[in-house]
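Notes follow once the structure below has been shown.
Nothing fancy with the numbering, it's 1 onward along the sequence.
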Amino acid sequence: MALEFDRTWIWHPDFNETETGTAGRLVHFRRVIDIDGEPPSSLKLHITADTRYKLYANYQLVGFGPVKGDQNLWFYDEVDVGPFLQAGENIIGVHVLRFFHATAYAPSFPRLPTGGLRILVVDSSDPLSEPLETSALWEAAIDWHTVLRVDQDEDDFLHIYEITVPDEEPPVWVPAKVLDYKVSTGNSTPWNLSPRLIPAMKTEHSRISSIRNVHSTLNVEDWKTIFGLAPVDERHCGLLLPAGTRHSLELQAEHHSTAFIRIRFKRPATGGSILKVKYSESYEDEPESTPWVRRKGDRLDYLKRLFGPEDIYHFQGPLSAESPRYVAGDSSEIFMPYHFRTFRFIGLDISVHPSCDLVLESFEIERTAYPLKQHARVKANEESEDLWTTSIRTLQNCMHDCYEDCPFYEQLQYAMDSRSSALFTYCVSGDDRLARQAIIQIHSSFNARVGLTKSRAPTHRAQFIPTFSLYWVCMISDHLLYFNDKEFVSQFLPVIDAVLWYFHSRIDKQNGLSTSELRPGIWNYVDWTPQWTPHGIPPAILRTGVSTFTNQLYAYTLSQAAQLVSALGRHALAGEYTQRANNIIHALQTHCFTGTFFSDTINSQTNPTADFSQHCQVWAVLCGAIAGEDAQKLLRSSFQQQQAHAAYSTSTNGGFTQESVSMSFYTLRALSLAGGDLYDAHFHRFWAPWRRQLAQNVDTWVEDHVSQRSDCHAWGSVPIYEFIAEVAGVRPADPGWRVIEIRPRIALYRELEATVPLRAVDGEVIGLVHVSWRRMDGGETRVEVRVDGEAAACHSACSHVMR
């Protein structure tokens, strides 16, 4: 008999979504079960919650999740609780973070109109199924003592920061409410469930590397001991903070990190002490605008200040019998924020209540991120090593349960950012699992009314940037080239065609160019530059409604899509896309090329002092509007023009607009595509902005040089692609690496050693390409190439001597 109702979800019966002053609430669930005899060695559960969960068994963390989803795909995890069970009484706890649906808070965390928790035992015949699966036998309690902050200027996207007030009254446990959902006659639950598509997050212990600016009644050496920076006496049992004292200090982590924080204190006899924890990426001067425009220099200038969001924790003191416990014993009181934090520096401020001492026992950092396996290696000289390692660290920090634009502020998966991050991931690991998920999630965000995918997905706050839908199409084309998974990419063809139609349908019959929508709800963002502040939009677009850049990117994407559909056997459609691209290119050459440069809009309406940018020269080459020696001449002239207007590099007044970090990947693609010696001639000079960052003691790449809002954004990790695909010169010449192109640029370094992964299956690469060379004293360069693994059957090792 077909199932009529789904009753597998539970929730708190009195949960109120209309509260103000908090972005949501934490909810506790518990179940006590008895096991007669030996517990099972393995007992697998399917678990999910809206919005996030942490599952505990007998005071041990079993798992946390789910991966961010939305109404199109809501993910569940398979976890094994068996190893955590014991004979006799077992306490199962689930700690759920629920963001309120009817608010704009926390756009990084999609959620559906109601909260919910769902646990099923995979083997439904197991005798533990009934007691473990979610039902009215579970108890629930709302955490009224933790507020998810909405009052901080530094926090416009996450709202994960907490104020925890004293637990003056014990929580009230009530039977959980079973949610009834009709699932017959075409109905379903709100959550369209899907198994997790990516591996579990990697966690690893990290440490504090230094302590600065200590203001305390204790000496610095005492603090160093508790943070592992000085030898610990065997009798050491914590750091005593006397009653009535106040202590402030600043901690530097090993690196810019995304990590869970646990600060353990001996449980005080009374509550009332206060702990404040501030998270920061940099020492800096007072921001011009918080959080958007910063004034940063040397990130390690300890004479400056730390700025960032803050947790505030009021100590509880003794707990009631009904208080939720997620760690064993009552002897410790632990500050343990729910969501991971992003930081390079942490500011601690501890005010000890006058009636009771505090004892600080330990400080733990557990770094967490996507389990990126770094199979690629590059070594040329010290600078190349700095560029490489900083790029890897930046990319890793921007990979969790989705690609993230910057973990400190947004943790949102944007299509433009994800395209380059996915390519960098392929170069580093050959792993496509996070990229596949990103492609699927952006595809699912397609809005038929608008005709575009959302600029970012998944998200609780919809946003449309038309060109970002084009980057998504390019992302799919990239995937076919690297993995040749035709079945995977084929499912996206209808939405690809719809996105391309959006631009085609807006073509002006007079000039043959696609026009931009200038209306609320559409953001015509191009790049973060001083001349295009505050929203990254060239003024010419707003003035004329025609964007040269958008048309160039559209023509480029049409060509990418033509190759994609041709590989899938859709030759007629490929021909149509190619013809459309040619028509746009002709219109660009006719109406947007002055004979010297491509302007930002049609020539007849161009402001000669403001409407020229490096972007339109780069994309003219990429889209095929100019090629060969003409392309080389254009790019050389544009770089000269850019240098001539260097005085405007931090000004909003005119000039030849320079691309920012976000566009650096495409500038390098144009230098490579134009041919000749252009790429080699500009390669070492190109990294000047990255060198300046290293000189300012960054250890991840900044979001942009204009606002310097964030110190960690993966689109700055472009050295990864350059060292792999251009310097070592290894890239797929045929979909799925059936043909490997190896074209090293031996003039760039005297010597180099590189290892390049091919595509991976479930995270394991099918082969590695090794490229090395060394320039001899006589001027000869010996180049060696070796292919290992499955691919070695088709490719042999070789060695060449070049002059």
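- For an aromatic pair to be called close, the ring centres must be under 6.0 Å apart, and Phe424 with Tyr426 fails this.
- Relative orientation of the His713 and Trp715 rings is parallel, given thresholds of 30° and 60° on the angle between their planes.
- The aromatic rings of Trp523 and Trp528 are tilted relative to each other, their planes meeting at an angle between 30° and 60°.
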List the atom pairs, donor and acceptor, that lie under 3.5 Å between side-chain atoms in residues 285-292 and the rest of the protein, sequence neighbours left out.
unit_1, atom_1, unit_2, atom_2, d
Asp285, OD2, Lys304, NZ, 3.3
Glu286, OE1, Arg305, NH1, 3.1

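- For His682 and Phe639, the distance between ring centers is under 6.0 angstrom.
- For Asp417, there are no salt bridge (Lys or Arg N to Asp or Glu O under 4.0 Å) partners two or more places apart in sequence or in a different chain.
- In this structure, Tyr409 has its ring center no closer than 6.0 Å to that of Phe157.
- Taking the charged nitrogens against the carboxylate oxygens, Arg367 and Glu204 do have a contact shorter than 4.0 Å, which makes a salt bridge.
- Side chain of Ser391 to backbone of Thr389: no donor-acceptor contact under 3.5 angstrom is found.
- Geometrically, Arg669 engages Phe665 in a cation-pi contact, judged by NZ or CZ lying under 6.0 Å from the ring centre and within 45° of the ring axis.
- Take Asp298 and apply the salt bridge (Lys or Arg N to Asp or Glu O under 4.0 Å) test, not counting sequence neighbours, and it matches no residue.
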task: Show your working on side chain to side chain contact (heavy atoms under 4.5 Å, CB included) between Arg299 and Glu281 and close with a plain yes or no.
output: CA-CA 8 Å; Arg299 278 21 178 208; Glu281 294 187 297; over 6 Å; no
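- Ion pairing between a basic and an acidic side chain is recognised when a charged N comes within 4.0 Å of a carboxylate O; Asp431 and Lys373 show no such pairing.
- Under the 4.0 Å criterion applied to side-chain N and carboxylate O atoms, Lys278 and Glu250 are not assigned as salt-bridge partners.
- Salt bridge absent: Glu310 and Lys276 never bring a charged side-chain N and a carboxylate O closer than 4.0 Å.
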